Amino acid sequence: MSTASQSESTGCTDYNFLKLEPFWQAYWEKNKTFKAEDFSEKPKYYVLDMLPYPSGAGLHIGHPEGYTASDILGRMKKAQGFNVLHPMGWDAFGLPAEQHAITTGTPPAVNTQANIDTFRRQIKSLGFGIDWDREINTTDPSFYKWTQWIFLHLFKMGLAYVDKRPVWWCPALGTALANEEVIEGRSERGNHPVERRNQRQWVLRITAYAQKLLEGLDTIDWPESTKRQQTAWIGHSVGAEISFDIQDNAEDKVKIFTTCPDTLFGCTYMVLAPEHPLLAKLTTEENYKAVQLYKEQAARKSDLNRTDLAKDKTGVFTGSYAINPANNKAIPIWVADYVLMSYGTGAIMAVPAHDERDFEFAQKFELPITPVIAQKDSEETPLPYTGPGKLINSDQYNGLENKEAKRVITEALNKEGHGKETVNYKLRDWIFSRQRYWGEPFPIVWVSKEDYEKVATNKQSPFQEFLPEVPVTFSEEGGTTRYALPLPTQALPVELPEVDSYQPSGTGESPLANSKTWLQVALDIETGDLHCREAQGNEISGVRETDTMPQWAGSCWYYLRYLDPSNTDAFLDPKIEAYWQTPDFYIGGAEHAVLHLLYARFWHKVLHDIGVLNTPEPFPKLFHQGIILGELEFTTFKDSSGNYVSANQVEHGPIHKETKVSLSSEKIEADAVEKKGDHFVLKSDPNITVDARAYKMSKSRGNVVNPDDIVQNYGADALRLYEMFLGPLEAMKPWSTQGIGGMSRFLRKVWREVINPEGEINPKITQSEDSAETKKLLAKTIKKVTQDIETLNLNTAISQMMILLGHLQKQATISQTSIKQFLQLLAPFAPHITEELWARLGEKESIACADWPTFDEAIFVENTVKVVVQVNGKMRAELELPKDVSKEDALTQASTHAKVVPFLEDKTRVKDVYVPGRIINFVVR
RNA sequence: GCCCGGGUGGCGGAAUUGGUAGACGCUGGGGACUUAAAAUCCCUUGCCCGUGAGGGCGUGCGGGUUCGAGUCCCGCCCCGGGCACCA
């Protein structure tokens, strides 16, 4: 279909990447070289990069790392005959754009568009084989219409609710955050402190999917560490729920969760969380004041940063006693903040002998400690003891293995109606609303109970579409109860209104709450029509939800929108879904292990359960690229009087480890230091050690490498190759500007092999046959490059191509087929230069469309083998032996080899090791 | 504290999964071409002993298994990541 009047090329004499890279990018765009075709006869291959957030800072050097890897894979798959889908888009809702809007007054939409344009230009300048016709943008109403639609399905299924609860509130960002977004008491975005605050929130019931999310992990090919992180985050634990009676109180019982029902006889007290609903009731009069005070203290404490929390155990006796169902002993009930309301039942049975926390608490408050498990082979079991053992002090269960006792005691409790086996999860429901402007509006209108019932009883009403079985309601303290009415598909998208100010309202509400004309709506139950005005006639009136969705919403399902990006009637055409299914390969950073990757799995499973999707998991195969650090830096430290301080005497600050006085640091050049033992020292004073390390790129450190500069100075091909050559894709590795120079040199050598200094085809390229050696090396290279791309060992693939090129350079002639195959192997890595050379060699169609080179295994069959000869495990000689050599002949030849003989003389051969085709080892004494 | 991942030349990193440690690239040193420089090409570059041929040592540290260990086992140290009163 190419109309390209060949020989279309730049005709450059020298390797002029500034000319040829834009030329070929335009060619691919014009010819739609990387168009992914729905329902193609070819097998599909969907390779996906994590959706970038188009920040104002532009593309970071880390972005091209993952994108290049996926592009290499996609390009090879295309050449291998797959119908490849490699799309790109923008995760453009989010806090930075809104923060920018607050400070500059520019609407987020405007600023975001500018950032997207920059990102697109930068990404295009790197020559990725992307189908740009499928570009998406999560902030586009045609996109978020369907984000809202998915939310409505969650709502309908009862997976969304509203609750006023203590949440992590970030004052600097003016919004609540999800558990997953809080890292050590700070916001994941922006690193601002967060605090606990009661705030009305939309919450998604991800806990209902805890088990499915856990089980699904076994079915997907992901890095083990990421699976482990998700497993730990979900935090499945099996135990028992045990119900304790209260002394002199027939009404109430306290339920606890424990993973160690076997230690029930050792339970000598019980602890409630300060927020436990029964606390007030169980507190006796004389203890009321102390408990009340403690509760208040605990509440205030939780307003502090979590990291500041003292780990010292505190607590107060409530005055009540519970009855241990195992031995009917009365045990005191305490309140303490080391028990969390949000996990289990908010109450525990304390077994100080076999739990470190309970032990510490019991010691402090002088509570009884009864050991009930004895370590197997020791008389004295030091407490607290948490290992396995046999039961003691446990009546009829004495002598039982504790593992067995868990089961037996749980069964007994079950029979008596005192408990049952239970599973608990650490996972909490997902705080899904943000009190901000720049996010998807919720397609929800709040109405009165009466109006809601009108809708609920009118089976013809379009508002029935997403009505849940149980209404979602919310009532402010002392206020009326409002009902959440889901808007029908026909009312979507609910677009963001224009507002005068993006400043948070200050009341904890989003800036949308100030948009009076947008807030008030009139709904026609019959038609589903919605107007921004007072209700008239039969219409009911409602108030819009003013919170918006978090940034994760769009990225939860964007990979599905690429399949059918311009569909206005449906979220995704089922026929198209059946063809493309899910990404065959997903590449992105490990920092999203429990955020995006957990949320997306949740949504995908919900969509699967309601029959919208055929697949149970969104990303069957996942790969994390590593981080690219700045260049290696050498730093010296000096005290105030200007004396050097060795780096090993310095701790973070920088301050002196012992004296704690602050020091000054200075970056020095590499040639001022040398290696001495394990560390680097100053050449001028070898007693002073120097800190040598590469840091994460950051503006403040001034070690940021801008991809635009690299493309300008070395070309996109060199950048792509160099990033892949740095080291294993998954590893963290430092950038080196000198290193990329080597890659530039490699590409110039490639150029000169094909084009001579006059700009003509190098005369050494002929129709003649290559030597057997060349053929074999080419086959080896095809094999290695093909395999390495498949497994993303791209650094070693490049090494192999360098070896081949080095060999070709030494040959007097090269066959046209060989050089072309070499270019094809290189093409996924360096697509521009290879397109140019391919065209110059007379090819009419893009190199990206040419069939991937193959080789014949038979070429590797040799009739001789190389055998290494060792004496006592030390390499002494190398032998070339016939493939079918007998053991005797091999050993004879080896033992008489001139280089081996001296090591055998005057020695006794104790043992001969012979591994055919590999190695001979003479063991001598 | 607990759970992962990782320590190999001056630097980034290879190493058929127990069989020649240091591929490939960078840097450094020497040389060729050039009036000169750039570019390019050639040689060299783990450490120690030796003029040399050659020999010894060497994959964070200490032990072990094995004919043979960067690779497997045990005990430490350091770096990176995750979780952190989760009962």
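From a predicted model like this one, the values you see are computed outputs, not experimental measurements.
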Identify whether any heavy atom of [X] sits under 4.0 Å from a base atom; if not, whether one sits that close to sugar-phosphate; answer base, sugar-phosphate or nothing.
{"X": "Ser342(A)", "value": "nothing"}
{"X": "Asn795(A)", "value": "sugar-phosphate"}
{"X": "Thr258(A)", "value": "sugar-phosphate"}
{"X": "Gln800(A)", "value": "nothing"}
{"X": "Val913(A)", "value": "base"}
{"X": "Arg693(A)", "value": "sugar-phosphate"}
{"X": "Phe361(A)", "value": "nothing"}
{"X": "Val339(A)", "value": "base"}
{"X": "Ile348(A)", "value": "base"}
{"X": "Glu224(A)", "value": "nothing"}

Open item on the list: For Tyr338(A), does the six-membered ring have the charged nitrogen or CZ of Lys313(A) within the cation-pi criterion, i.e. under 6.0 angstrom from the centroid and within 45° of the normal?
Closed with: yes

Return the value, rounded to whole Å, for the distance between atom [atom1] of [X] and atom [atom2] of [N].
{"X": "Asp337(A)", "N": "rA84(B)", "atom1": "CG", "atom2": "P", "answer": "17 Å"}
{"X": "Leu729(A)", "N": "rA14(B)", "atom1": "CG", "atom2": "P", "answer": "12 Å"}
{"X": "His624(A)", "N": "rC4(B)", "atom1": "NE2", "atom2": "P", "answer": "17 Å"}
{"X": "Arg745(A)", "N": "rU27(B)", "atom1": "CZ", "atom2": "C1'", "answer": "10 Å"}
{"X": "Met875(A)", "N": "rG22(B)", "atom1": "CE", "atom2": "P", "answer": "8 Å"}
{"X": "Asn424(A)", "N": "rA87(B)", "atom1": "CG", "atom2": "C1'", "answer": "9 Å"}
{"X": "Lys780(A)", "N": "rA23(B)", "atom1": "NZ", "atom2": "P", "answer": "14 Å"}
{"X": "Phe359(A)", "N": "rA87(B)", "atom1": "CZ", "atom2": "C1'", "answer": "17 Å"}

[X] side chain, from C-beta outward: closest of [options]:
{"X": "Arg876(A)", "options": "rG12(B), rG55(B), rG80(B)", "answer": "rG55(B)"}
{"X": "Arg918(A)", "options": "rC67(B), rU16(B), rA87(B)", "answer": "rU16(B)"}
{"X": "Arg228(A)", "options": "rA87(B), rU27(B), rC4(B)", "answer": "rC4(B)"}
{"X": "Lys426(A)", "options": "rC67(B), rG12(B), rC83(B)", "answer": "rC83(B)"}
{"X": "Trp233(A)", "options": "rC83(B), rU27(B), rC67(B)", "answer": "rC83(B)"}
{"X": "Lys313(A)", "options": "rG13(B), rC85(B), rC26(B)", "answer": "rC85(B)"}
{"X": "Lys733(A)", "options": "rG13(B), rC67(B), rC24(B)", "answer": "rG13(B)"}
{"X": "Asn921(A)", "options": "rC4(B), rU20(B), rG68(B)", "answer": "rG68(B)"}
{"X": "Phe680(A)", "options": "rC11(B), rA87(B), rC67(B)", "answer": "rC11(B)"}
{"X": "Lys911(A)", "options": "rC4(B), rC67(B), rG19(B)", "answer": "rC67(B)"}

Task: Pair of N/O donor and acceptor under 3.5 Å linking rU20(B) base with Lys866(A) side chain - done: yes

Open item on the list: Any donor-acceptor pair, under 3.5 Å, between the side chain of Gln738(A) and the base of rU27(B), if you only look at N and O atoms?
Closed with: no

Task: Stepwise ring pair (Phe, Tyr, Trp, His ring centres under 6.0 Å) check, Tyr714(A) with Tyr722(A) - done: CA-CA 10 Å; Tyr714(A) 301 92; Tyr722(A) 182 61; 8.9 Å; no

Report yes if at least one side-chain N or O of [X] is closer than 4.0 Å to OP1 or OP2 of [N]; otherwise report no.
{"X": "Lys874(A)", "N": "rC57(B)", "answer": "yes"}
{"X": "Ser237(A)", "N": "rA87(B)", "answer": "yes"}
{"X": "Arg748(A)", "N": "rU40(B)", "answer": "yes"}

Watson-Crick or G-U wobble partner of [N], both distances under 3.5 Å:
{"N": "rG18(B)", "result": "none"}
{"N": "rC85(B)", "result": "none"}
{"N": "rC47(B)", "result": "rG56(B)"}
{"N": "rG12(B)", "result": "rC24(B)"}
{"N": "rU40(B)", "result": "rA32(B)"}

Open item on the list: Quiz question: by atom type and distance under 3.5 Å, do the side chains of Tyr425(A) and Thr207(A) form a donor-acceptor pair?
Closed with: no

May I ask you to decide if the ring planes of [X] and [Y] are parallel, tilted or perpendicular, using 30° and 60° as cut-offs?
{"X": "Tyr343(A)", "Y": "Phe257(A)", "result": "perpendicular"}
{"X": "Phe634(A)", "Y": "Phe680(A)", "result": "perpendicular"}
{"X": "Trp334(A)", "Y": "Phe365(A)", "result": "tilted"}

Task: Along RNA chain B (nearest heavy atom to each residue), the more 5'-positioned of Tyr425(A) and Gln809(A) - done: Gln809(A)

Open item on the list: On RNA chain B, does the nearest nucleotide to Gly235(A) precede the nearest nucleotide to Val182(A) from the 5' side, or the other way round? Give the residue.
Closed with: Val182(A)

Task: Exceeds 12 heavy-atom contacts within 6.0 angstrom, atom NZ of Lys696(A) - done: no

TODO: Determine if the base of rG9(B) is syn or anti; take syn to mean the glycosidic torsion is within 90° of 0.
DONE: syn

TODO: Have a look at rU40(B) and give me syn or anti from its glycosidic angle (syn if within 90° of zero).
DONE: anti

Task: Of Thr68(A), Val785(A), Asp717(A), the residue whose pairing with Phe829(A) passes side-chain contact (heavy atoms from CB on, under 4.5 Å) - done: Val785(A)

Task: Ionic contact status for Glu862(A) with Lys776(A), cut-off 4.0 Å - done: yes

